[in-house]
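To start, the structure under review is shown below, and the notes come after it.
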Protein chains: 2
Amino acid sequence: MFELFEKYLRSKAAFTAEEMQQIEAVTTIKRLRKRQFLLQEGEVWTYNAFVSKGCLRTYSVDTKGAEHILTFAVENWWIGDLQSLASGLPARFNIDAIEDSVVLLIRKEEFDRLCQVIPALQQLVNALLHRSFLAQQNRIHTTISHSAEEKYRLFLQNFPEFARRIPQHMVASYLGMTTETLSRIRRNLV
Amino acid sequence: MFELFEKYLRSKAAFTAEEMQQIEAVTTIKRLRKRQFLLQEGEVWTYNAFVSKGCLRTYSVDTKGAEHILTFAVENWWIGDLQSLASGLPARFNIDAIEDSVVLLIRKEEFDRLCQVIPALQQLVNALLHRSFLAQQNRIHTTISHSAEEKYRLFLQNFPEFARRIPQHMVASYLGMTTETLSRIRRNLV
DNA sequence: CCGTTTTTTTGATAAATGTCAATGGAGATG
DNA sequence: CATCTCCATTGACATTTATCAAAAAAACGG
């Protein structure tokens with residue numbers, strides 16, 4: 001499973017064979033069955049996690065028991081609770097697998113140490129953070145300025161793959177609407 | 001006006017006198033009157049901008065003429081259109097002053113060059129990006145999981161200063177609701 | 001293949017929020 | 001001081017979205 005990660009890394013920046021070995025040395029593989037938790041609210045998240053197969057989600061559960069999905073992650077995406085990772089505080093979010101999945105884990109301390117030693121890795125992290133920032137900004141903008149139907153249309157445009165793989169009630173949760181509303185929107189769509 | 005920026009920088013990381021001079025050498029001051037544009041939709045944004053006095057907003061205007069405010073920035077905040085800055089494409093957003101303001105500008109090429117030479121500056125940028133990422137994630141979570149009233153309550157908690165300085169119809173826009181809705185929420189608040 | 005669970009859809013109704021039009025106040029400006 | 005613009009509020013009403021309950025459809029597990 002490391003090969004997919006290696007391929008991803010090489011597509012993003014130039015790594016020497018030795019650097020790649022260093023990375024592999026600290027990477028562990030975790031297989032998750034559908035519905036299995038990678039992180040549960042209240043635990044502390046101490047990894048960087050790369051999805052090499054499958055699909056996961058980050059979500060919270062409110063006082064009424066309703067779930068609110070913050071992010072999805074499929075192959076070649078990273079996932080985790082940066083808030084908990086950075087603060088060392090218990091996570092406010094859950095992460096679980098939507099499909100049977102494989103994630104690669106690197107413990108924070110080791111990842112940070114590697115970033116010091118491997119400039120390409122540090123650059124990759126910075127670029128990733130930068131792109132994520134812009135993506136989140138777009139999501140905020142869409143969320144505050146469009147109707148439910150428009151949000152769904154944009155979601156289809158931006159993430160056609162998510163729309164194919166992910167149950168609709170989860171898409172609805174991600175978009176901040178109920179599953180009934182999304183169902184009715186779809187009915188009225190072309 | 002550079003002194004305020006210097007103070008901010010020193011509060012975030014350790015800079016040598018020479019590094020500080022290098023930064024000052026590329027910094028220009030721009031004074032803006034209330035309502036004056038710092039960036040207009042369609043222009044390309046090529047700066048990093050630090051607010052040393054006043055208050056500004058980033059917003060878009062939709063096809064119906066409605067404004068949607070993406071961010072506010074007061075003293076010691078950065079502002080700009082990262083999307084345009086990174087891509088070199090025309091900005092989708094406007095930035096203008098809500099109060100008479102002073103911003104410090106550093107051209108992108110010079111800023112990037114300084115980041116190469118001054119590790120503390122690069123670190124500051126990374127830390128800032130990291131914090132912004134988390135802040136945006138919180139905003140997304142709030143937006144998709146709370147009612148209009150709850151969003152306003154959380155806004156008051158998180159940004160009491162904004163609530164004091166910024167006209168209510170702009171707060172409403174930032175929260176993704178109409179000014180009438182916000183007015184009614186406030187009436188029903190304790 | 002059958003029973004079970006999950007997911008999606010539908011209908012009836014309620015609640016939240018938006019739209020439009022009007023008003024009054026506060027502050028800026030000449 | 002008079003005028004003007006911006007801002008906040010209010011009321012009436014329309015629209016959007018949520019809620020609750022139920023059923024149909026699809027996916028899953030043994």
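Below, read A as the first sequence line, B as the second, and so on, with proteins coming before strands; counting in each chain starts at 1.
Applying the ring-ring contact (aromatic ring centres under 6.0 Å, His included) test to every pair with at least one member in residues 110-152 of chain A, sequence neighbours left out, gives these pairs: H141(A)-F93(B). For residues 51-76 of chain A, the set of pairs meeting the ring-ring contact (aromatic ring centres under 6.0 Å, His included) definition, not counting sequence neighbours, comprises F72(A)-F162(A), F72(A)-Y174(A). For residues 129-150 of chain B, the pairs satisfying salt bridge (Lys or Arg N to Asp or Glu O under 4.0 Å) are E149(B)-R153(B), with sequence neighbours left out. For the side-chain hydrogen bond (donor to acceptor under 3.5 Å, both in side chains) condition, the pairs that include at least one residue of residues 34-46 of chain B, sequence neighbours left out, are T46(B)-R107(B).
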Atom pairs, protein N/O to nucleotides 23-26 of chain C N/O, distance under 3.5 Å:
none

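Candidate nucleotides dT9(D), dC7(D), dT10(C) were compared by shortest atom distance to the side chain of S183(B), and dT9(D) ranks first.
Rounded to an integer number of Å, the gap from N188(B) CG to dT17(C) P is 11 Å. Atom CG in L189(B) sits about 12 Å away from atom P in dT9(D), given to the nearest Å. For the pair E99(B) CD and dG27(C) P, the computed distance is 15 Å after rounding to whole Å. Rounded to whole angstrom, the span from the CZ atom of R35(A) across to the P atom of dT4(C) amounts to 18 Å. Put simply, NZ on K151(B) is 11 Å from C1' on dA16(C), counting in whole angstrom units. Atom-to-atom, CZ of R186(B) to C1' of dT9(D) comes out at 11 Å; the value is rounded to the nearest Å. Atom NE2 of H169(B) and atom C1' of dT19(C) are 17 Å apart (whole Å).
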Which pairs would a plain distance check flag for residues 17-25 of chain A, meaning a side-chain donor or acceptor within less than 3.5 Å of a matching protein atom at least two apart in sequence or in another chain?
| residue | atom | partner | partner atom | Å |
| --- | --- | --- | --- | --- |
| E19(A) | OE1 | T16(A) | N | 2.9 |

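Between E3(B) and K7(B), none of the side-chain N atoms (NZ, or NE/NH1/NH2) sits under 4.0 Å from a carboxylate O, so this pair counts as no salt bridge.
Residues meeting the salt bridge (Lys or Arg N to Asp or Glu O under 4.0 Å) test with R184(A), sequence neighbours left out: none. Looking at residues two or more places apart in sequence or on another chain, you find a ring-ring contact (aromatic ring centres under 6.0 Å, His included) between F50(B) and F5(B), Y8(B), W78(B). Residues forming a salt bridge (Lys or Arg N to Asp or Glu O under 4.0 Å) with K108(B) (at least two apart in sequence, or on another chain): D112(B).
When the side-chain nitrogen and oxygen atoms of Q168(B) are compared with OP1 and OP2 of dC6(D), none of them lie within a distance under 4.0 Å. Contact annotation: R187(A) side-chain N/O to dT10(C) OP1/OP2 distance is under 4.0 Å.
Connectivity analysis of hydrophobic side chains (ILVMFWY, heavy atoms under 4.5 Å, direct or indirect) links V44(B) to nothing; its cluster partners are none.
For the helix from dC1(C)-dG30(D) to dG30(C)-dC1(D), the end axes, each set by the C1' atoms of five terminal pairs, are bent relative to each other by 50° (nearest 10°).
Although no hydrogens or angles enter the test, the distance criterion places a donor-acceptor pair under 3.5 Å between the side chain of R165(B) and the main chain of G54(B).
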Q.
Each nucleotide in nucleotides 13-30 of chain D should get exactly one letter: B, S or -. Can you fill that in based on protein heavy atoms under 4.0 Å?
A. ----SSBBB------S--
